[in-house]
Enquirer: 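Here it is: the structure, laid out below.
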Amino acid sequence: MEQVETREPAQTKRIAITGGIGSGKSYVCRRLERYGIRVYDCDTAAKRLMRDSDELREALRQLVGDEVYVGNVLQKPVMARFLLKSEANKQAVNDVVHPAVARDFEESGYTWLESAILFDSGFDMRTRFDYIICVTAPLEVRIRRVMKRDGISRQQALDWIQRQLPQDEVRARSDFEIVNDGKANIEKQIETIIKQIKGL
């Protein structure tokens with residue numbers, strides 16, 4: 001008798017893509033579009049929700065103060081000052097914004113998600129993912145990418161990188177790795193992972 005496949009169809013599996021700043025996650029996500037895969041961008045969603053969600057705006061006003069918004073426009077300098085005051089302030093904002101993003105993803109219809117701070121933010125604990133893909137690159141490559149993208153110094157780029165979880169830890173907590181060092185074949189790695197996800 002033919003064995004019946006009991007796992008969910010591949011398209012219903014939830015996949016998260018993560019990796020530190022400068023690893024090239026966004027590039028990998030653009031390549032995934034060639035395979036008909038749309039990826040939910042957490043950063044873009046957070047900015048949209050902070051602008052458009054009445055509930056989130058009210059929560060941030062109560063946390064940061066009324067001056068954090070003028071009308072419905074987020075005052076970034078006010079938010080930045082609040083965040084930089086203490087780690088507790090940063091965590092408090094994360095505890096408001098990240099659950100809103102998680103709910104939005106759950107309701108979005110997307111099954112693939114991109115988040116640089118998937119583990120740092122605890123997003124992986126709020127939403128169940130079947131598989132997590134880590135995009136990696138050598139440190140010097142990441143530094144050069146961040147310097148070029150943001151127009152900042154080497155030390156500033158290194159500081160940003162060091163504020164996030166170490167790449168080795170992110171890799172160890174993920175199911176798959178895509179090496180995006182400018183040399184490895186990205187397409188081949190993507191194809192291999194997609195096949196494994198569908199076949200697992």
Enquirer: Asp120: what forms a side-chain contact (heavy atoms from CB on, under 4.5 Å) with it, not counting sequence neighbours?
Expert: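 Result, side-chain contact (heavy atoms from CB on, under 4.5 Å) vs Asp120: Ile117, Gln164, Leu165.
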Enquirer: Looking at Ile37, Ile178, Val135, which one forms a side chain to side chain contact (heavy atoms under 4.5 Å, CB included) with Ile17?
Expert: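 In the set Ile37, Ile178, Val135, the residue that makes a side chain to side chain contact (heavy atoms under 4.5 Å, CB included) with Ile17 is Val135.
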Enquirer: Strictly distance-based, threshold 3.5 Å: is any side-chain N or O of Gln162 a donor or acceptor partner for the main-chain N or O of Trp160?
Expert: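 No, Gln162 side chain to Trp160 backbone: no donor-acceptor pair under 3.5 Å.
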Enquirer: Can Val28 be reached from Val179 by stepping across I, L, V, M, F, W or Y side chains whose heavy atoms are under 4.5 Å apart?
Expert: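 As far as the 4.5 Å side-chain criterion goes, Val28 and Val179 are not connected within one cluster.
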Enquirer: Flag yes if Phe129 and Ile133 sit in one hydrophobic cluster, no otherwise; membership is Ile, Leu, Val, Met, Phe, Trp, Tyr, and two members link when side-chain heavy atoms are under 4.5 Å apart.
Expert: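 They do not share one cluster, since no chain of ILVMFWY contacts under 4.5 Å joins Phe129 to Ile133.
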Enquirer: How many angstroms lie between SG in Cys29 and CG in Leu113, if you round to the nearest 0.5 Å?
Expert: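 If we round to the nearest 0.5 Å, Cys29:SG and Leu113:CG are 9.0 Å apart.
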Enquirer: Quick check on the hydrophobic clustering: are Phe123 and Leu56 connected, directly or via other members, by side-chain heavy-atom contacts under 4.5 Å?
Expert: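 Linked within one cluster.
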Enquirer: Assigning hydrophobic clusters by single linkage (Ile, Leu, Val, Met, Phe, Trp, Tyr; side-chain heavy-atom cutoff under 4.5 Å), is Met125 placed with Leu118?
Expert: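 No, Met125 and Leu118 fall in different hydrophobic clusters.
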Enquirer: Kindly indicate, with the supporting measurements, whether the criterion salt bridge (Lys or Arg N to Asp or Glu O under 4.0 Å) is fulfilled by Arg128 and Asp130.
Expert: CA-CA 7 Å; Arg128 178 189 62 81; Asp130 295 283; 2.8 Å; yes
Enquirer: Do any N or O atoms from the side chain of Arg145 and from the backbone of Ser23 form a donor-acceptor pair under 3.5 angstrom?
Expert: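 Present.
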Enquirer: Output yes when a side-chain donor or acceptor of Arg14 lies under 3.5 Å from a complementary backbone atom of Tyr131, and no otherwise.
Expert: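 Checking the backbone N and O of Tyr131 against the side chain of Arg14, no donor-acceptor pair under 3.5 Å is found.
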Enquirer: For the CD1 atom of Ile15 and the CZ atom of Phe176, what is their distance to the nearest 0.5 Å?
Expert: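 Ile15 CD1 to Phe176 CZ: 7.5 Å, rounded to 0.5 Å.
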Enquirer: Could you please spell out the steps behind the side chain to side chain donor-acceptor pair (under 3.5 Å) verdict for Asp159 and Gln155?
Expert: CA-CA 6 Å; Asp159 287 346; Gln155 187 58 51; 2.9 Å; yes
Enquirer: Let me check something: do Val73 and Val78 share a hydrophobic cluster, defined by ILVMFWY side-chain heavy atoms less than 4.5 Å apart, either directly or through other members?
Expert: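 In one cluster: no.
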Enquirer: Under a 4.0 Å N-O cut-off, is there an ion pair linking Arg34 with Glu191?
Expert: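 Salt bridge: no.
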Enquirer: Run Leu49 and Val97 through side chain to side chain contact (heavy atoms under 4.5 Å, CB included) and show every step you take.
Expert: CA-CA 8 Å; Leu49 290 167; Val97 175; over 6 Å; no
Enquirer: Give a yes or no answer on whether the side chain of Arg61 reaches the backbone of Val68 with a donor-acceptor pair at less than 3.5 Å.
Expert: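 No, Arg61 side chain to Val68 backbone: no donor-acceptor pair under 3.5 Å.
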Enquirer: Where does the angle between the aromatic ring planes of Tyr110 and Tyr40 fall among parallel (under 30°), tilted (30 to 60°) and perpendicular (over 60°)?
Expert: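 If you compare the ring of Tyr110 with that of Tyr40, the planes turn out perpendicular.
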Enquirer: Salt-bridged, Arg173 to Asp175, with N to O below 4.0 Å?
Expert: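 Looking at Asp175 together with Arg173, the answer is no, because their closest N to O distance does not fall below 4.0 Å.
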Enquirer: List for me each residue that meets side-chain contact (heavy atoms from CB on, under 4.5 Å) alongside Leu139, sequence neighbours excluded, and say none if there are none.
Expert: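 Only Ile143, Leu158, Ile161 meet the side-chain contact (heavy atoms from CB on, under 4.5 Å) criterion with Leu139.
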Enquirer: Cut-off 3.5 Å, side chains only: do Glu177 and Thr136 have a donor facing an acceptor?
Expert: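 The criterion, which ignores hydrogens and geometry beyond distance, is satisfied for Thr136 and Glu177.
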Enquirer: Between Glu140 and Arg154, is the closest basic N to carboxylate O distance under 4.0 Å?
Expert: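 Between Glu140 and Arg154 there is a salt bridge, with a charged N closer than 4.0 Å to a carboxylate O.
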Enquirer: With distance as the sole test, does Arg149 use its side chain to make a donor-acceptor pair with the main-chain N or O of Gly22 at under 3.5 Å?
Expert: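 No, Arg149 side chain to Gly22 backbone: no donor-acceptor pair under 3.5 Å.
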Enquirer: Do Tyr69 and Glu58 have a side chain donor and acceptor closer than 3.5 Å?
Expert: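 Distance-only check fails for Tyr69 and Glu58.
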Enquirer: Are a donor atom and an acceptor atom from the side chains of Gln91 and Asp95 found within less than 3.5 Å of each other?
Expert: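 There is such a pair (donor and acceptor under 3.5 Å, judged by atom type) between the side chains of Gln91 and Asp95.
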Enquirer: Indicate yes or no for a side-chain donor-acceptor contact from Thr18 to the backbone of Ser115 under 3.5 Å, with no hydrogens or angles considered.
Expert: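 Side chain of Thr18 to backbone of Ser115, a donor-acceptor pair under 3.5 Å: yes, one is there.
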Enquirer: Okay, side chain of Glu169, backbone of Pro166: is any donor-acceptor separation there less than 3.5 Å?
Expert: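 Between the backbone of Pro166 and the side chain of Glu169 there is no qualifying donor-acceptor contact (under 3.5 Å).
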Enquirer: As a quick check of understanding, evaluate side chain to side chain contact (heavy atoms under 4.5 Å, CB included) for Arg31 and Gln189, giving each step before the final call.
Expert: CA-CA 11 Å; Arg31 304 311 295 171; Gln189 293 180 81; over 6 Å; no
